[in-house]
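These numbers come from the heavy atoms of this one structure, side chains and all, not from hydrogens, waters or symmetry mates.
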Amino acid sequence: MNRRTSLLVATLALCGCGADSLGRTAGDLLVSAVNAAADDRRLAIRLFSAAGREDYEVSVERPATALAIADLGTGRVDVNLAVIDSAAVVRLSLWQRDLVIQMERTTEAIFDLTTPPSPPVEPPVEPPVEPPVEPPVEPPVEPAVGCADGSREGFLDWNTYPRIAGCSGAWAVPGLVVAALSPQCSRAGGNHGSRSDGAGCSAADLCAAGWHVCRGRDDVAASSPTGCDGAVPAGAPDKSLLFAVAQPSVLNSVCEAADGDNDVFGCGNLGHQLAADKGCGPLDRALASMQANSCGFNEAEPPLGPWVCRGDAQSHLHEGALVRKDGCPNGSCSYDGNALASADKGGVLCCRD
């Protein structure tokens, strides 16, 4: 036997002397394996024929392992032998193809286990039908108020707007477009909060835990299915509400991606109407001043409203960093015959984290 070949096949046609020829209707197959390695433990044998696939497994014997398979249907058969070592890893996978099973004959297949394996080639089989992969479904967002004081004043329908809320209230710590906008009075702000006058509070104190002051146009677009539509409740008086956001801008009320703190932007019916060429959609309102110490919209500022943008001689270029909403302490403002306090005329838009 030449041990350098990749596999050895001998087909023996035996005479079958002494056998009852009337009792044999098929042929036999003898699978033998020689030169097993010291770590080889089991042989897995698979037969592929027109009748289908048959599987066998035997323990390795030395110097040779043999498996006799009787009464196979006549015809061609492919034999695959896999050698499994002590770590249950397949060390070799060898094939012998187109062996002929003849009636009342024994066909012999001998495998030399010292031979490196050839790349296994499986007989053609139908690929399994994989079930369709369903796209991931986002879990529904549970409705929540979103405002720290437990009440919304804009985007009132929780089910339609589960990710955005208009929250009225006051704050005395300046700024919307600032490096780190965070709560300063433990979220006690809001028009129904314990600090409705905004003392010691920042704009972030108007938002509930798990929510934040919306970060400009993109955050609003992602959080509201209708943009600014729905921010002002039906029947609200004209020039009565502005819900502001942290939107960067450099000049001329043009919304920038990530720079500048000029002007105050938001949704509502108070402030300058934003034109489409400002690039602020869906935001529709702005407070924009042309002179220092002003927010730039008369009905928003004292004595008509609580919005305050005071600073140095360049404050009209930095309203987003300076804006407060505490200009009507103790109901000291009045508009259209109604007394106004600092928590009136809007607040901020809060978006869900």
Side-chain angles (χ1 to χ4, degrees), residues 147-149 165-191 193 195-209 211-220 241-251 253-268 270-272 280 283 285-297 300-302 305-329 342-351 353:
C147 302
D149 63 0
C167 303
S168 290
W171 66 90
V173 178
L176 285 165
V177 184
V178 294
L181 182 58
S182 59
Q184 301 295 310
C185 67
S186 301
R187 304 185 189 274
N191 60 336
R195 297 198 186 183
S196 60
D197 61 355
C201 299
S202 74
D205 284 295
L206 274 61
C207 298
W211 296 65
H212 59 273
V213 175
C214 297
R215 302 181 183 102
R217 61 186 180 188
D218 295 336
D219 205 2
V220 172
L241 291 171
L242 172 66
F243 298 110
V245 301
Q247 172 61 54
S249 178
V250 177
L251 287 172
S253 298
V254 175
C255 290
E256 307 289 343
D259 194 16
D261 52 19
N262 189 41
D263 300 339
V264 176
F265 299 85
C267 295
L270 173 68
H272 303 287
C280 297
L283 306 180
R285 296 286 170 163
L287 303 181
S289 177
M290 298 293 290
Q291 59 184 9
N293 296 316
S294 170
C295 289
F297 195 82
E301 301 176 306
W307 294 84
V308 178
C309 303
R310 294 176 183 155
D312 59 19
Q314 299 296 310
S315 66
H316 58 293
L317 301 177
H318 304 284
E319 297 98 325
L322 298 172
V323 63
R324 311 190 321 264
K325 194 168 172 289
D326 60 351
C328 300
S342 294
D344 294 320
K345 288 212 169 183
V348 298
L349 285 181
C350 296
C351 289
D353 292 348

For the side chain of [X] and the backbone of [Y], is there at least one donor-acceptor N/O pair under 3.5 Å apart?
X: Asn293; Y: Gly311; result: yes
X: Lys325; Y: Gly347; result: no
X: Lys345; Y: Leu270; result: no
X: Ser249; Y: Asp263; result: no
X: Arg215; Y: Asp219; result: no
X: Trp171; Y: Leu206; result: no
X: Gln247; Y: Phe265; result: no

Between [X] and [Y], what is the shortest heavy-atom contact and its length?
X: Ala321; Y: Asp261; value: CB-OD2, 3.3 Å
X: Gly200; Y: Ala172; value: N-CB, 4.1 Å
X: Val308; Y: Cys295; value: C-SG, 3.4 Å
X: Ala300; Y: Leu287; value: CB-CD2, 4.0 Å
X: Ala313; Y: Ala292; value: O-CB, 3.7 Å
X: Gly327; Y: Pro302; value: O-CG, 3.5 Å

I would like to know whether Trp211 and Cys167 meet side chain to side chain contact (heavy atoms under 4.5 Å, CB included); could you show each step before the answer? CA-CA 11 Å; Trp211 296 65; Cys167 303; over 6 Å; no
Is any side-chain heavy atom of [X] less than 4.5 Å from a side-chain heavy atom of [Y]?
X: Ser168; Y: Leu241; value: yes
X: Leu283; Y: Cys267; value: yes
X: Val220; Y: Leu349; value: yes

Restricting to side chain to side chain contact (heavy atoms under 4.5 Å, CB included), what partner residues turn up for [X], sequence neighbours left out?
X: Ser294; answer: Ser289, Gln291, Glu301
X: His272; answer: Ala288, Phe297
X: Ala244; answer: Leu176, Val264, Trp307
X: Pro183; answer: Arg187, Ala204, Asp205

I need the Asn191 CG to Ser196 OG distance, nearest 0.5 Å.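 It is 8.0 Å, given to the nearest 0.5 Å.
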Dump the intermediate steps for disulfide (SG to SG under 2.5 Å) on Cys214 and Cys351, then the final yes or no. CA-CA 5 Å; Cys214 297; Cys351 289; 2.0 Å; yes
Take Cys207 and His212 through the side chain to side chain contact (heavy atoms under 4.5 Å, CB included) test and state the conclusion after the steps. CA-CA 6 Å; Cys207 298; His212 59 273; 5.7 Å; no
Just jot down the salt bridge (charged side-chain N to carboxylate O under 4.0 Å, His left out) partners of Arg324, sequence neighbours excluded, or say none.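 In terms of salt bridge (charged side-chain N to carboxylate O under 4.0 Å, His left out), with neighbours along the sequence ignored, Arg324 is linked to Asp326.
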So, using side chain to side chain donor-acceptor pair (under 3.5 Å) as the criterion, who are the partners of [X] when residues are at least two apart?
X: Arg285; result: Gln273
X: Asp312; result: none
X: Ser315; result: none
X: Ser182; result: Gln184

Between Cys350 and Cys147, is the SG-SG gap less than 2.5 Å?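 With an SG-SG separation of 2.5 Å or more, Cys350 and Cys147 do not form a disulfide.
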Which is it for Asn262 and Val250 under the side chain to side chain contact (heavy atoms under 4.5 Å, CB included) test, yes or no, and what are the steps along the way? CA-CA 5 Å; Asn262 189 41; Val250 177; 5.8 Å; no
More than 12 non-hydrogen atoms from neighbouring residues, nucleotides or ligands closer than 6.0 Å to CG on Asp353, yes or no?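 More than 12 within 6.0 Å, yes.
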